[in-house]
Amino acid sequence: MAGAAAEQRRLATVVESWLGRPVLVVGDAMLDEWRFAESDRLCREAPAPVLTLRRRISAAGGAANTAVNIATLGGRALLVAPVGADVAGDELHDCLDRAGVWDRTVGQPHRPTPVKRRMLAGNQILLREDSGDPEDALDDDGVRDLLTALDCATEELKAAAGGATPTLVVCDYGLGALPAPVRAWLVANRERYTTVALDAHDLADWRGLAPTVVTPSFAEATRLLARAAAGFGAAPRPAGRTAAGPDLHLDHPPVDPADGPSELSVGAAPGGAGVRLSATGDRSGVVGTGPTGEPTPGEDRVAMTVDGLSVTGTGVTLNTAAGDGVDRAVLAESRLEELREHTGADVVAVTLDTEGAVVGGADGEPRRSHSTPVPASHAVGAGDAYLAAMTLALAADAPLPTAAQLAQLAATITVSDTGTCVCRREDLLAALGTTSDGTAHPTLVGTAELAAIVGDHRRAGRSIVFTNGCFDVLHPGHVRYLEQARALGDLLVVAVNSDGSVRRLKGPDRPVNPVEDRIALLAALSCVDHVVVFEEDSPAALIETVRPDVYVKGGDYPPEMVPEAPLVRRLGGQVRTLGYVPDRSTSAIIERIRAQATPAPQPPQSTRSPQSTRSQSTRSPQSGAPQRTGRSA
């Protein structure tokens with residue numbers, strides 16, 4: 001536990017060190033709109049639900065959300081991006097202002113602000129409507145205004161930071177905000193920025209930028225490798241690697257390229273053939289005639305096969321040895337060095353959706369991070385949080401393993417609900433057991449230090465949920481109960497009966513597990529913020545110390561029947577009872593274990609003939625079911 005606490009403090013120190021760091025964000029800004037509706041019937045005209053709009057939320061998206069995440073994580077974010085002179089643009093400005101982003105966007109009267117409108121019912125996305133055409137290119141005046149804004153913003157950030165060189169983040173999602181003249185300016189002015197982070201759907205367009213870090217999705221990395229194999233605008237191949245033969249074309253899919261890492265169009269040009277790349281990047285020959293024209297809708301996806309990864313089936317296939325069952329993480333690890341070569345980046349972080357990420361640097365040592373699978377509606381913008389934290393950590397000179405760890409943590413803690421993901425500095429520090437004032441708060445605490453810890457949380461404006469119990473044999477009923485309790489406030493304090501207290505309450509054969517084991521398991525749950533042990537039979541003294549905003553007990557009885565209810569209410573809190581999960585209890589589990597451990601009854605010895613013995617039956621004292629006895633010796 002001490003080692004884990006020291007590691008958390010070390011990570012928290014990095015988060016503190018990037019406070020106020022100047023970051024210029026440039027790229028495709030958009031507005032995310034979430035419309036939450038209810039439906040209880042179908043319409044007469046078609047088998048479609050009739051929706052009643054209940055709530056509407058607007059949030060910054062794309063490059064704007066990356067800037068918001070940098071600001072909420074504690075950096076000084078400035079956004080330069082073209083934004084339409086329309087209602088969506090006005091809402092986007094409001095989102096930036098609320099987050100504290102320095103808004104230096106460039107108005108475009110004749111170019112609409114890109115918008116993604118999602119309609120949901122019961123947190124299920126029913127449809128998405130996109131507006132804003134990527135074919136609406138910036139005119140000459142728009143390009144000049146954007147270049148002027150970039151130059152002025154760079155100097156503004158430098159002056160605000162006392163002459164320190166700012167960091168640059170480029171977000172190119174193919175929506176037209178970064179035409180060739182703007183890309184050329186950024187490449188030519190690369191030396192004006194210390195750390196440069198790049199997130200682009202087509203990395204080949206940025207080969208001359210020499211970024212510090214690139215964060216491609218798995219599909220974007222695959223697209224770059226395929227394009228390099230075809231010899232289109234990529235870096236020279238290593239010695240011994242042959243040039244590509246077929247004319248390979250790579251286009252964004254007909255659906256929105258900003259949808260994320262699962263979408264990719266790769267096919268052979270009319271009359272061309274597909275290419276197969278091994279794990280080492282070598283060409284192993286033509287694998288068949290590729291599709292003519294544009295790929296079909298079914299070919300717009302990256303699909304897993306038994307022997308690796310297939311990209312548009314008849315287009316490009318990247319795999320390791322056939323039959324090895326290699327997953328995306330292993331494949332990405334095998335190509336990190338090649339990706340670094342083709343991008344010119346010091347660090348490559350290949351994001352794998354809910355599978356985490358694979359990160360590689362100059363030392364050639366891949367780092368693997370993991371995430372928790374969540375519904376797709378919870379993960380919108382999680383990549384922006386990852387990019388923001390990775391950029392800030394590297395700009396603060398954090399070691400690569402530390403930057404990768406913080407980036408994954410920032411992305412993971414933002415996906416708890418539907419909406420566009422934003423990671424706040426306070427949330428990141430809380431996940432590290434530290435408050436925004438730098439005070440470390442370990443999970444396992446003593447009674448003496450609990451009062452001070454609760455005071456810190458309360459001064460930070462957090463509501464406190466308190467519960468208590470034996471938690472002898474931790475089971476799914478406990479986990480669900482604690483998760484529901486945690487959802488009632490900002491943090492959850494769990495008080496655990498000591499071994500002596502459990503014996504007095506449950507009997508001499510309890511607890512099954514000693515208190516050291518019980519609190520270790522509770523502390524490992526993400527929904528539990530602090531665990532404390534108490535010796536008394538009642539948690540009344542701890543309740544007076546914590547003064548919880550919400551006191552939670554398990555059971556199907558009303559809150560008025562909770563013995564501690566009068567005390568909690570006198571202290572200004574409320575009492576809630578949460579029903580248990582059916583058939584999930586410590587007593588039931590112990591009884592099942594004991595039943596299985598009881599030896600089966602032995603058949604009585606008999607002198608009867610074998611024929612009569614075989615016809616005998618007895619009943620098990622546990623189950624009452626008839627059991628045939630075996631033959632007598």
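Because only heavy atoms are used, hydrogens play no part in the values below, and waters and symmetry mates are left out as well, while side chains stay in.
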Please check: side-chain N/O of R76 versus main-chain N/O of A160, any donor-acceptor pairing under 3.5 Å? yes
Checking R424 side chain against L73 main chain: does a donor-acceptor pair fall under 3.5 Å? no
Enter the distance from T212:OG1 to M390:CE here, rounded to the nearest 0.5 Å. 11.5 Å
Between R367 (side chain only) and E365 (backbone N and O only), is there a donor and an acceptor less than 3.5 Å apart? yes
Using every non-hydrogen atom in the two residues, find where G89 and V83 come nearest and quote the distance to one decimal. CA-CG1, 3.6 Å
Which is it for R425 and E16 under the salt bridge (charged side-chain N to carboxylate O under 4.0 Å, His left out) test, yes or no, and what are the steps along the way? CA-CA 9 Å; R425 175 171 168 266; E16 295 293 345; 2.7 Å; yes
Between D86 (side chain) and T113 (backbone), is there a donor-acceptor pair under 3.5 Å? yes
Please determine, by modelled atom types, if S58 and E91 share a side-chain donor-acceptor pair under 3.5 angstrom. yes
Pair K158 + E155, salt bridge at N-O below 4.0 Å: no
Considering the options I57, L92, T420, which one meets the side-chain contact (heavy atoms from CB on, under 4.5 Å) requirement together with D32? T420
Scan the side chains in residues 177-185 for donor-acceptor partners under 3.5 Å anywhere in the protein, sequence neighbours excluded, and list what turns up.
unit_1	atom_1	unit_2	atom_2	d
R183	NH1	L178	O	2.9

So which heavy atom on A63 is nearest to which on G27, and how close? CB-C, 3.8 Å
Quick check: does any side chain N or O of N69 sit under 3.5 Å from a backbone N or O of C423, one acting as donor and the other as acceptor? yes
State whether the side chain of T215 and the backbone N or O of A349 hold a donor-acceptor pair below 3.5 Å, judged by distance alone. no
Donor-acceptor pair, T195 side chain versus T167 backbone, under 3.5 Å? no
Out of L79, D384, V101, which one pairs with V68 under the side-chain contact (heavy atoms from CB on, under 4.5 Å) rule? V101
Evaluation steps, side chain to side chain contact (heavy atoms under 4.5 Å, CB included), between C171 and V169: CA-CA 7 Å; C171 301; V169 178; 3.9 Å; yes
Derivation of the side chain to side chain contact (heavy atoms under 4.5 Å, CB included) call for V347 and R340: CA-CA 7 Å; V347 175; R340 288 184 64 246; over 6 Å; no
CG of D346 to CG of L400: how many Å apart, nearest 0.5 Å? 10.0 Å
Could you check if a side-chain atom of L491 sits within less than 4.5 angstrom of a side-chain atom of H530, using non-hydrogen atoms only? yes
Criterion side-chain contact (heavy atoms from CB on, under 4.5 Å) against R128, the qualifying member of R118, M119, E33: R118
Under 3.5 Å donor-acceptor, R21 side chain and A395 backbone: yes
Evaluate the criterion side chain to side chain contact (heavy atoms under 4.5 Å, CB included) for residue pair T351 and F218; output intermediate values, then yes/no. CA-CA 6 Å; T351 56; F218 183 75; over 6 Å; no
Euclidean distance, T165 OG1 relative to L157 CG, rounded to 0.5 Å: 11.0 Å
Any chance you could measure D199, atom CG, to E220, atom CD, to the nearest 0.5 Å? 6.0 Å
Taking C-beta and beyond as the side chain, do P166 and Y193 meet within less than 4.5 Å on heavy atoms? yes
Report yes if the side chains of V422 and T414 come closer than 4.5 Å at any heavy-atom pair, otherwise no. no
Any side-chain heavy atom of L24 within less than 4.5 Å of one from T154? yes
Which pair of non-hydrogen atoms, one from L78 and one from A153, has the smallest distance, and what is that distance? CD2-CB, 3.3 Å
Distance to the ring centre below 6.0 angstrom and angle to the axis at most 45 degrees; does that hold for R54 and F36? no
Going by heavy atoms in the side chains, are L126 and L120 under 4.5 Å from each other? no
Could you check if a side-chain atom of V15 sits within less than 4.5 angstrom of a side-chain atom of L432, using non-hydrogen atoms only? yes
Heavy-atom donor-acceptor pair, D549 side chain to S463 backbone, under 3.5 Å: no
Can you find a heavy atom in the side chain of L53 that is under 4.5 Å from one in the side chain of E38? no
L138 vs R111 side-chain heavy atoms within contact, under 4.5 Å: yes
Side chain to side chain contact (heavy atoms under 4.5 Å, CB included) between L186 and V170: does it pass, once the steps are laid out? CA-CA 9 Å; L186 291 169; V170 179; 4.2 Å; yes
Considering non-hydrogen atoms only, spot the tightest contact between V187 and G208 and give its length. CG1-O, 3.4 Å
Side-chain donor-acceptor contacts of residues 404-411 below 3.5 Å, not counting sequence neighbours, with atom names and distances?
unit_1	atom_1	unit_2	atom_2	d
Q408	OE1	S369	OG	2.7
Q408	NE2	T412	OG1	3.3

What's the separation between atom CG in L339 and atom CG in L203, rounded to the nearest 0.5 Å? 8.5 Å
So how far is it from W18 CH2 to T391 OG1, rounded to the nearest 0.5 Å? 10.0 Å
Quick one: do the S526 and R486 side chains pair a donor with an acceptor below 3.5 Å? no
If we ignore hydrogens and angles and just use 3.5 Å, is the side chain of D103 paired with the main-chain N or O of L96 as donor and acceptor? no
Salt bridge (Lys or Arg N to Asp or Glu O under 4.0 Å): pairs with one or both residues in residues 138-154, sequence neighbours excluded: D141-R144, D151-R192
Here the pair of heavy atoms bringing A221 nearest to P216 is N-CB, 4.0 Å
V465 and A485: which non-hydrogen atoms are nearest, and at how many Å? CG1-O, 3.5 Å
